[in-house]
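Encoded as structure tokens, the structure appears first; notes follow it.
Counting begins at 1 with the first residue of the sequence.
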Amino acid sequence: MARTRDTDACPGALQVHRAADGALARIRLPGGMLTAAQLRALARVSREHGSATLELTARGNVQLRGITDVTAAAEAIAAAGLLPSQTHERVRNIVASPLSGRAGGAGDVRPWVGELDAAICAEPSLVELGGRFWFSLDDGRADVSGLCADVGVHALSDGWALLLAGRDTGVRLTAGEVIETLVVIAKRFAATRGNAWRVKELDDVGSLLPGVELGAVGFPAVTRPPVGWINQDDGRVALGAAVPLGVLSADVAEYLAAVEAPLVITPWRSVLVCDLDEGVADVALRVLAPLGLVFDENSPWLNVSACTGSPGCAHSLADVRADAAAAVGGDAGVHRHFVGCDRACGSPLTGEVLLATGDGYRPLR
């Protein structure tokens, strides 16, 4: 499948997208990780220069909409330590198992997030990757491998499996080979991609791994975030909070930051508040739950998602978020993603995708 654009239109904090409701900035959060101070800074930027909301994306990033002063917003984002490279800011797309090193998993991939981020930023040629290309680090629990990132690793009993487009290449790496190998594959893609923005758009992967054939079956796609009270392996607690439709108000973001704990934005539009003592976790849960965050793993909110829709997107034929919210509770066993146009932004890999027609919805998938 050839790309449909000759230029990379993915927004960043510096190259913003001009949406119907104003400038949109996307802040990359490698591994979804950020500090309380950084979340507080994003809430402040959104309140002072934007829509007073933060959008959580399907890649564990954050978007700010309706920005009125792009320069001031970018300066504040950089001051918070969220813009370490002006040249590579849109290619720092790294997703990692959100609970890695804290609860379960076959290994801790968190150190690799920082190492890979630094290696990406240090390689001039990787600017050519574009904002769509992304990396995955799965600690063996098979949560992010099923998202089908362009290149990644997955912990197995015989080493770290090298993945392309979410499928096993048969190549096994040692821990010491992971970062270098991921960067080498990305460099090869940048040099040979032709009309492709993603690995899945290549006719074959021979230019990336000569002689390798991808496995016929990929990892299963995960669509539900870890929510609720999560006991960490070290005796502490993480709280998993789903954010309905991925829209977090600046006020609620401030409450999350007030817990003063490490945070992880997951690829399922949720937030993990980590490393809490039980007493602190209990108080935080009592404060946060009434604010609209979802801590119930059986909540119908976990079965629905949506793109931005009207009025923020000029392409949309409906206010899909309002329609998605109205549909919460129906068809509880099926994940439904509502979209306003056939670009189907943010669609998960499984479940139903419902396309607005101007007179209701029809299944796109």
Side-chain angles (χ1 to χ4, degrees), residues 2-29 38-39 41-80 82-93 127-134 195 197-198 201 243 245-250 253 265 269 305-324 337-347 353 355-356 358 364:
R3 62 184 178 180
T4 57
R5 297 172 184 250
D6 290 328
T7 58
D8 179 21
C10 282
L14 301 175
Q15 177 180 303
V16 299
H17 170 65
R18 298 292 174 176
D21 57 350
L24 179 151
R26 183 176 298 157
I27 298 93
R28 267 63 176 188
L29 304 175
Q38 288 171 332
L39 180 59
L42 291 178
R44 186 181 310 116
V45 171
S46 179
R47 185 180 290 111
E48 294 178 356
H49 303 294
S51 64
T53 59
L54 289 72
E55 292 183 343
L56 312 188
T57 79
R59 293 188 173 191
N61 296 319
V62 169
Q63 293 183 162
L64 305 181
R65 303 190 69 89
I67 297 176
T68 55
D69 190 332
V70 173
T71 300
E75 290 174 349
I77 292 166
L82 293 169
L83 190 59
S85 171
Q86 294 191 13
T87 55
H88 289 66
E89 61 124 349
R90 292 183 300 143
V91 300
R92 301 169 58 243
N93 297 307
V127 171
E128 302 302 321
L129 283 177
R132 295 184 181 91
F133 190 99
W134 58 323
N195 290 329
W197 288 111
R198 302 287 312 280
E201 298 170 1
V243 178
L245 301 180
V247 181
L248 182 68
S249 74
I265 306 299
R269 299 180 174 91
S305 56
C307 71
T308 297
S310 300
C313 177
H315 298 279
S316 180
L317 295 178
D319 185 346
V320 295
R321 283 179 174 162
D323 293 340
H337 183 73
F338 291 73
V339 297
C341 74
D342 57 11
R343 295 186 304 170
C345 293
S347 295
V353 177
L355 172 66
L364 183 62

Set of side chain to side chain donor-acceptor pair (under 3.5 Å) partners for T87, sequence neighbours left out: S85
Going from [atom1] on [X] to [atom2] on [Y], what distance comes out if it is rounded to the nearest 0.5 angstrom?
X    : Y    : atom1 : atom2 : answer
L42  : L64  : CG    : CG    : 6.0 Å
L248 : R269 : CG    : CZ    : 13.5 Å
L24  : C313 : CG    : SG    : 10.0 Å
T68  : E48  : OG1   : CD    : 10.0 Å

Which atom of [X] lies closest to which atom of [Y], heavy atoms considered:
X    : Y    : value
C10  : R90  : O-NH1, 3.0 Å
V16  : A23  : CG2-CB, 4.0 Å
V353 : A344 : CG1-CB, 4.4 Å
R28  : G131 : NH2-O, 3.4 Å
L355 : G340 : CD1-C, 4.2 Å
A318 : D323 : CB-OD2, 4.0 Å

Worked verdict on L39 versus L54 for side-chain contact (heavy atoms from CB on, under 4.5 Å): CA-CA 10 Å; L39 180 59; L54 289 72; 3.9 Å; yes
In the structure I gave you, are the side-chain heavy atoms of [X] and [Y] within less than 4.5 Å of one another anywhere?
X    : Y    : result
C307 : R343 : no
L29  : L82  : yes
I67  : V45  : no
R321 : F338 : no

Examine distances only and state if a side-chain atom of [X] and a backbone atom of [Y] form a donor-acceptor pair shorter than 3.5 Å.
X    : Y    : result
R26  : Q63  : no
H337 : C345 : yes
E89  : G12  : no
S310 : S316 : yes
R65  : D21  : no

Criterion side-chain contact (heavy atoms from CB on, under 4.5 Å) on N61 and N93, from CA distance to verdict: CA-CA 9 Å; N61 296 319; N93 297 307; 4.0 Å; yes
Would you give me the side-chain donor-acceptor pairs under 3.5 Å for residues 69-78, sequence neighbours excluded?
| unit_1 | atom_1 | unit_2 | atom_2 | d |
| --- | --- | --- | --- | --- |
| D69 | OD1 | T71 | N | 3.4 |
| D69 | OD1 | A72 | N | 3.0 |

Electrostatic pair R132-E201, nearest N-O below 4.0 angstrom: no
